[in-house]
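Have a look at the structure below before the remarks.
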Amino acid sequence: AYLSEGDLALVPDIGYPAYSLGTLLAGGDICWLPTRGDSGYQPDASQVPPEALRRAKLLWVNYPNNPTGATVDVDFYARMVEFCRTHDIILASDNPYVDVTFDGYVAPSALQAEGAKACTVEFVSFSKTYNMAGWRLGAAVGNAAAINNLLQVKSNVDSGHFHPIYDAGIAATETPQAWIDERNATYAARRDRIMDILPSIGLSAQKPKGSLYIWARAENGDGGSYAEEALLATSVALAPGAIYGPGGTPFVRISIGMDDDRLDEAFARLKMWYASR
């Protein structure tokens with residue numbers, strides 16, 4: 001809807017691959033924004049080169065973040081909105097994990113920032129909020145002109161879902177908050193167990209307050225080698241960080257979505273493997 005040949009997207013150098021791959025499929029170019037743990041995995045848009053700013057049409061953000069688990073406050077979105085309004089850029093806020101949070105943290109929306117509707121589109125998903133991954137239900141909300149452009153493209157791509165899926169989505173919106181809280185407590189307990197185990201398998205991580213992932217740094221600094229060795233030795237699959245962008249090379253991504261018994265088996269294998277290396 002927004003990128004053509006010669007256009008550019010500003011993409012965090014650690015992030016969901018669709019931001020960069022979608023840009024390339026549309027014929028656009030990518031300007032990687034450095035994101036580092038010591039800055040809370042928040043991109044610094046002020047460092048974008050002038051030539052990139054001239055061509056930029058989109059800026060992607062995603063918090064709670066996949067894969068890092070990083071979170072932000074409304075002040076972060078206010079800075080991004082100001083930047084995008086100044087440079088006539090669409091702020092694309094991918095927010096599927098807004099309801100998957102822990103330790104009392106409440107994830108904000110980019111649309112809470114003052115002036116956000118002038119430049120922001122936010123995406124939410126039933127996949128994570130209601131455990132409906134694969135049903136492909138969600139919403140895009142925000143700037144009216146941007147939504148109309150998106151709808152024009154979307155309506156020419158497909159004709160919508162099988163009707164009972166919509167009925168299921170309607171039922172999902174009536175899910176009581178108590179169910180979501182209980183589900184999140186299960187995720188938080190798994191997160192804590194994994195955090196305790198990481199030192200014994202050669203990994204370290206910051207404790208996330210949201211999302212479904214732990215972003216763990218390999219002791220040897222090469223997440224790809226670690227993931228490959230672990231897979232071959234234990235048949236446990238970890239996602240190598242490099243698939244999430246050029247800033248992800250030292251890391252692996254661990255999902256907390258696996259059930260407890262499988263998780264116990266996976267980490268028992270990893271601990272035995274790592275101890276024998």
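Using modelled atom types, no side-chain atom of Ser225 and backbone atom of Asp222 make a donor-acceptor pair closer than 3.5 Å. Checked by atom type and distance alone, the side chain of His161 pairs as donor or acceptor with a backbone atom of Arg136 at under 3.5 Å. Listed for the Ser159 side chain is no donor-acceptor partner under 3.5 Å among the backbone atoms of Ser155. Side chain of Arg253 to main chain of Thr68: no donor-acceptor pair is present (N/O by atom type, distance under 3.5 Å, no hydrogens or angles). Using a distance-only test at 3.5 Å, with no hydrogens or angles considered, a donor-acceptor pair links the side chain of Asn143 to the main chain of Ala118. With hydrogens and angles disregarded, a donor-acceptor distance shorter than 3.5 Å links the side chain of Thr173 to the backbone of Ile170. Side-chain atoms of Asp192 never come within 3.5 Å of backbone atoms of Ala189 as a donor-acceptor pair (strictly under, hydrogens ignored). Asn66 places no side-chain N or O within 3.5 Å of a backbone atom of Gly69 that could act as its donor or acceptor partner. For the pair Asn156 (side chain) and Gln152 (backbone), a donor-acceptor distance under 3.5 Å is present. In this structure a side-chain-to-backbone donor-acceptor pair under 3.5 Å is present from Glu122 to Ala110.
The only option from Glu229, Arg269, Glu219 that meets the side chain to side chain donor-acceptor pair (under 3.5 Å) definition with Tyr274 turns out to be Glu219.
Cluster membership for Leu58 and Phe123, using ILVMFWY side-chain heavy atoms within less than 4.5 angstrom, is shared. Val81 and Leu59 fall within a single hydrophobic cluster, where Ile, Leu, Val, Met, Phe, Trp and Tyr side chains are chained together by heavy-atom contacts under 4.5 Å. Clustering ILVMFWY residues whenever any of their side-chain heavy atoms sit less than 4.5 angstrom apart, transitively, puts Leu151 in a cluster other than the one holding Ile90. Hydrophobic clustering, with ILVMFWY side chains joined whenever heavy atoms are under 4.5 angstrom apart, keeps Leu111 apart from Leu91. Under the 4.5 Å side-chain heavy-atom criterion for grouping Ile, Leu, Val, Met, Phe, Trp and Tyr, Tyr16 is connected to Val121 within one hydrophobic cluster.
For the pair Ser204 and Leu198, the minimum side-chain heavy-atom distance is 4.5 Å or more. Contact annotation: the side chain of Asp181 never approaches that of Pro176 to less than 4.5 Å [non-hydrogen atoms, C-beta and beyond]. Inter-residue side-chain proximity for Pro34 and Gln47 is flagged as unmet; no heavy-atom pair is nearer than 4.5 Å. Using a 4.5 Å heavy-atom cutoff, the side chains of Asn184 and Val100 are in contact. Considering only heavy atoms from C-beta on, Arg183 comes within 4.5 Å of Trp179 through its side chain. By the 4.5 Å heavy-atom criterion applied to side chains, Cys119 and Ile89 are not counted as neighbours. At least one side-chain heavy atom of Thr129 sits less than 4.5 Å from a side-chain heavy atom of Ile180. Under the 4.5 Å side-chain criterion, counting only non-hydrogen atoms from C-beta, Tyr19 is not in contact with Leu10.
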Carefully, step by step, assess Tyr77 and Gln112 under the rule side chain to side chain contact (heavy atoms under 4.5 Å, CB included). CA-CA 8 Å; Tyr77 289 129; Gln112 290 176 255; over 6 Å; no
Please report the C-alpha distance between Asp7 and Tyr2 in whole Å, then the side-chain angles of each, then the deciding distance to 0.1 Å, and finally whether the side chain to side chain contact (heavy atoms under 4.5 Å, CB included) criterion is met. CA-CA 8 Å; Asp7 295 332; Tyr2 272 89; over 6 Å; no
Please report the C-alpha distance between Ser46 and Asp44 in whole Å, then the side-chain angles of each, then the deciding distance to 0.1 Å, and finally whether the side-chain hydrogen bond (donor to acceptor under 3.5 Å, both in side chains) criterion is met. CA-CA 5 Å; Ser46 68; Asp44 184 359; 2.5 Å; yes
How far apart are the C-alpha atoms of Leu8 and Lys57, what are their side-chain angles, what is the distance that settles it, and do they pass the side chain to side chain contact (heavy atoms under 4.5 Å, CB included) test? CA-CA 6 Å; Leu8 184 144; Lys57 294 290 186 70; over 6 Å; no
Begin from the C-alpha positions of Gln42 and Arg79 and carry the test side chain to side chain contact (heavy atoms under 4.5 Å, CB included) through to its verdict. CA-CA 11 Å; Gln42 298 179 17; Arg79 295 193 300 273; 3.3 Å; yes
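Residue-environment remark: CG (Asp196) exceeds the threshold of 12 foreign heavy atoms within 6.0 Å. Within a 6.0 Å radius of CD in Gln177, other residues, nucleotides and ligands contribute more than 12 heavy atoms. Around the CZ atom of Arg262, the shell of radius 6.0 Å holds no more than 12 heavy atoms that belong to other residues, nucleotides or ligands.
With sequence neighbours excluded, the residues that form a salt bridge (charged side-chain N to carboxylate O under 4.0 Å, His left out) with Glu51 are Arg54, Arg55. In terms of the side-chain contact (heavy atoms from CB on, under 4.5 Å) criterion, residue partners of Trp135 (sequence neighbours excluded) are, by chain and number, Met132, Ile165, Ala168.
Outside the 6.0 Å centre-distance limit, the rings of Tyr97 and Tyr63 are not counted as a close aromatic pair.
In terms of heavy atoms, Ile201 sits closest to Phe267 at CD1-CE2, 3.7 Å. Taking all atoms of both residues into account, the shortest heavy-atom contact from Val98 to Pro108 is CG2-O, 4.4 Å. The two atoms that bring Ile254 and Leu238 nearest to each other are CG1-CD2, 3.9 Å, heavy atoms only. The minimum heavy-atom distance linking Met80 with Pro43 is given by the pair CE-O, 4.3 Å. Considering every non-hydrogen atom in both Pro250 and Arg217, the closest pair reads CB-NH1, 3.4 Å. Smallest separation of non-hydrogen atoms from Ile256 and Ser211: CD1-O, 3.9 Å.
Between Tyr130 and Phe126, the ring planes are perpendicular. Angles over 60° get that label, and only those under 30° would be called parallel. Under the 30°/60° scheme for interplanar angles, the aromatic rings of Tyr226 and Trp273 are found to stand perpendicular.
Hydrophobic cluster membership of Tyr244, counting Ile, Leu, Val, Met, Phe, Trp and Tyr whose side-chain heavy atoms lie under 4.5 Å apart directly or via other members: Ile14, Tyr41, Trp215, Ile243, Phe251.
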